[in-house]
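Report on one structure; see the data block that follows.
FYI, side chains are in, hydrogens and waters are out, and symmetry mates aren't considered; it's all heavy atoms of this structure. Note that ligands are numbered from 1 as they come in the structure, with each ligand's atoms numbered from 1 the same way.
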Amino acid sequence: MKITLYRSLPEPIRSLVRLTYSSLPFGIRMGRTYRETVKFLRSKEGYGLEEIEKWQLERLRKVISHAYDNVPGYRQLYDEAHVSPADLKSADDLKHFPFVTKEIIRDNLADFTARNIPAWKHLYRTTGGSTGIPFGFYLLQENIEREFAFLHSAWKRAGWKPGDSSAVLRGAFVGSEEKFWDYDPFLKDLRLSTYYLNEKTYSSYRAKLLTSRPTHLQAYPSAANLLAELIVKNGDSRQIHFSVLLLGSENLYSWQTAKISEAFPSSRIFSWYGHAEQVLFAPMCEKNRALHMDPFYGYGEILSDDGRECAIGESGELVGTSFWNTVTPFIRYRTMDIGRRGEMKCPDCGRPYQLLDSIEGRLQELIVTKSGRYISMTAINMHSDVFDNVRQFQFRQKESGKVTFCIVRKDQYGEEDTRKIRTELMKKLGDDMELEITFVESIQIPKSGKFRFLIQELPISYGDHDRPR
Ligand SMILES: [Zn+2]
């Protein structure tokens with residue numbers, strides 16, 4: 001029984017399925033590809049740099065050959081660029097192959113779909129609009145199982161175990177104000193609605209968490225931050241306890257980490273970088289907070305706006321090649337995410353993996369100044385006590401050099417707060433920015449559960465990567 005199929009069944013059949021399957025071991029329930037991938041990843045622990053590079057090159061050759069033979073869009077791109085699979089003699093040669101973008105895949109999906117995989121196997125998946133370019137692509141059931149295997153293998157390093165229960169505050173379940181939770185027996189997930197979590201409903205969420213006592217919390221950072229704020233405000237720190245906080249799918253900002261640690265002082269925070277397209281995956285280390293690009297998931301490049309490989313300490317766009325999606329291959333795919341290159345080896349766990357010092361965020365989460373500088377939301381410290389009387393906030397930008405800071409005020413908010421906030425924000429924004437502060441009644445969390453701290457209406461691009469180098 002596949003998880004996707006299970007969710008589409010009517011409730012009476014679901015309960016029958018639950019009875020049958022909940023007694024099976026976790027690995028069996030998750031599927032064959034899941035089990036194989038867990039085993040595969042275990043066998044790769046301890047690989048040295050040379051072994052990794054050898055494995056990656058073999059895999060890249062397979063991916064490029066498959067795309068050239070079976071995916072007309074890639075065949076055309078490579079013919080036009082005068083490259084072919086034979087040109088890939090080392091991983092470094094990949095830079096001669098053209099990029100693909102979200103627009104290219106969105107506008108030509110049929111051409112970027114492999115001809116040698118029967119259509120009944122294709123699963124259609126859409127990505128949210130956080131990059132400003134919503135689009136869909138195909139993958140296979142095995143990709144879903146493999147994704148869980150990668151994720152769970154990383155979580156295990158943080159202390160999560162197969163079969164552990166979790167509260168889940170993501171976008172998968174919306175519900176209603178009365179029925180704000182749902183239970184997924186496959187994964188032992190207590191799924192809570194992010195959409196309906198607010199001051200009015202907090203006591204019901206609290207009661208549900210205290211009676212169910214899930215071991216971990218899986219959440220979007222913005223949702224965990226919202227729960228943390230409510231917990232702190234109601235003096236419930238330490239009351240609701242999770243062993244590990246598994247925070248992914250959105251950038252985790254330091255001001256959020258501070259608030260979340262205040263609400264859950266004895267919980268471990270574990271985060272990772274990843275996205276719906278399943279091209280790159282960078283989970284945190286078990287020994288420090290650095291993100292490690294998983295070399296068996298996808299091939300990652302970090303490119304400056306003029307197309308160079310970034311040096312250590314430099315930020316650039318993450319460009320990825322998926323090792324596993326054969327239906328809609330992503331090869332040199334521009335993710336529109338910006339990250340800062342770290343060392344090539346982790347000093348604490350010893351893995352020879354590319355480290356990411358930070359994820360600056362999606363391109364659509366950057367503020368653009370008058371002179372064309374980008375300001376990342378990571379640079380703005382929202383945990384300062386200057387914001388104590390702010391209930392909720394959101395930046396909105398419509399023109400370069402000008403940003404609006406929308407505030408939902410707490411009762412005790414006064415003139416002095418506006419002055420302090422302006423001074424604090426201007427320190428981070430700089431002289432080439434104008435700041436407007438406005439008050440709003442409320443800021444709605446979208447149904448997807450992903451909160452956007454910046455509504456960026458400017459089209460943002462990052463350098464000219466159109467030509468292969
Ligand atoms: Zn490490």
Side-chain angles (χ1 to χ4, degrees), residues 37-56 59 91 146-162 164 216-218 221 224 242-254 256-258 260-261 264 266-275 278-302 309-316 318-321 323-324 335 337-361 378:
T37 308
V38 168
K39 229 166 108 186
F40 163 82
L41 289 173
R42 217 179 290 138
S43 76
K44 297 288 177 267
E45 276 287 336
Y47 255 40
L49 186 60
E50 218 170 286
E51 289 164 293
I52 291 172
E53 285 175 345
K54 187 166 167 261
W55 182 90
Q56 284 189 323
R59 200 74 215 174
R146 191 173 282 113
E147 179 73 2
F148 272 114
F150 271 97
L151 201 56
H152 287 170
S153 297
W155 290 3
K156 273 184 212 161
R157 304 208 286 263
W160 173 94
K161 291 186 303 304
D164 279 358
H216 311 293
L217 174 72
Q218 299 173 31
F242 299 109
S243 175
V244 188
L245 307 173
L246 299 154
L247 309 178
S249 308
E250 279 177 0
N251 204 6
L252 174 63
Y253 296 108
S254 55
Q256 295 172 323
T257 307
I260 293 166
S261 307
F264 306 104
S266 53
S267 302
R268 173 168 197 168
I269 294 180
F270 189 78
S271 179
W272 63 96
Y273 165 76
H275 40 218
Q278 301 185 0
V279 177
L280 294 173
F281 176 53
M284 236 180 212
C285 186
E286 66 273 33
K287 305 217 160 144
N288 57 40
R289 302 186 60 82
L291 299 172
H292 296 32
M293 287 238 249
D294 192 316
F296 304 105
Y297 187 93
Y299 185 83
E301 300 169 75
I302 309 168
E309 270 287 342
C310 288
I312 291 174
E314 208 182 342
S315 293
L318 301 176
V319 173
T321 298
F323 288 141
W324 304 105
T335 63
D337 295 332
I338 307 292
R340 193 164 73 225
R341 180 187 292 277
E343 300 286 339
M344 196 43 229
K345 184 176 180 174
C346 176
D348 295 320
C349 72
R351 288 186 190 88
Y353 295 1
Q354 176 65 59
L355 307 190
L356 288 171
D357 282 345
S358 71
I359 295 287
E360 314 275 319
T378 50

> Taking Phe40 as the fixed residue, which of Tyr47, Phe323, Trp324 is the one that meets the ring-ring contact (aromatic ring centres under 6.0 Å, His included) rule?
Replying inline: Trp324
> What are the protein N, O or S atoms, given as residue plus atom name, that sit under 2.8 Å from the Zn ion (ligand 1)?
Replying inline: Cys285 SG, His292 NE2, Cys346 SG, Cys349 SG
> Quick one: salt bridge (Lys or Arg N to Asp or Glu O under 4.0 Å) partners of Asp164, sequence neighbours excluded?
Replying inline: Lys161
>> My understanding is that only residues two or more places apart in sequence, or in another chain, count here; which of them pass salt bridge (Lys or Arg N to Asp or Glu O under 4.0 Å) with Glu250?
In response: none
>> I need the minimum non-hydrogen distance between Ile260 and Pro221, along with the two atoms involved.
In response: CD1-O, 4.1 Å
Taking distance alone, no hydrogens or angles, what donor-acceptor pairs closer than 3.5 Å link side-chain atoms of residues 151-159 to residues at least two apart or in another chain?
residue, atom, partner, partner atom, Å
His152, ND1, Tyr34, OH, 2.8
Ser153, OG, Ala149, O, 2.7
Arg157, NE, Glu286, OE1, 3.4

>> As an exercise, state the distance from CG of Leu355 to CG of Asp348, rounded to the nearest 0.5 Å.
In response: 9.5 Å
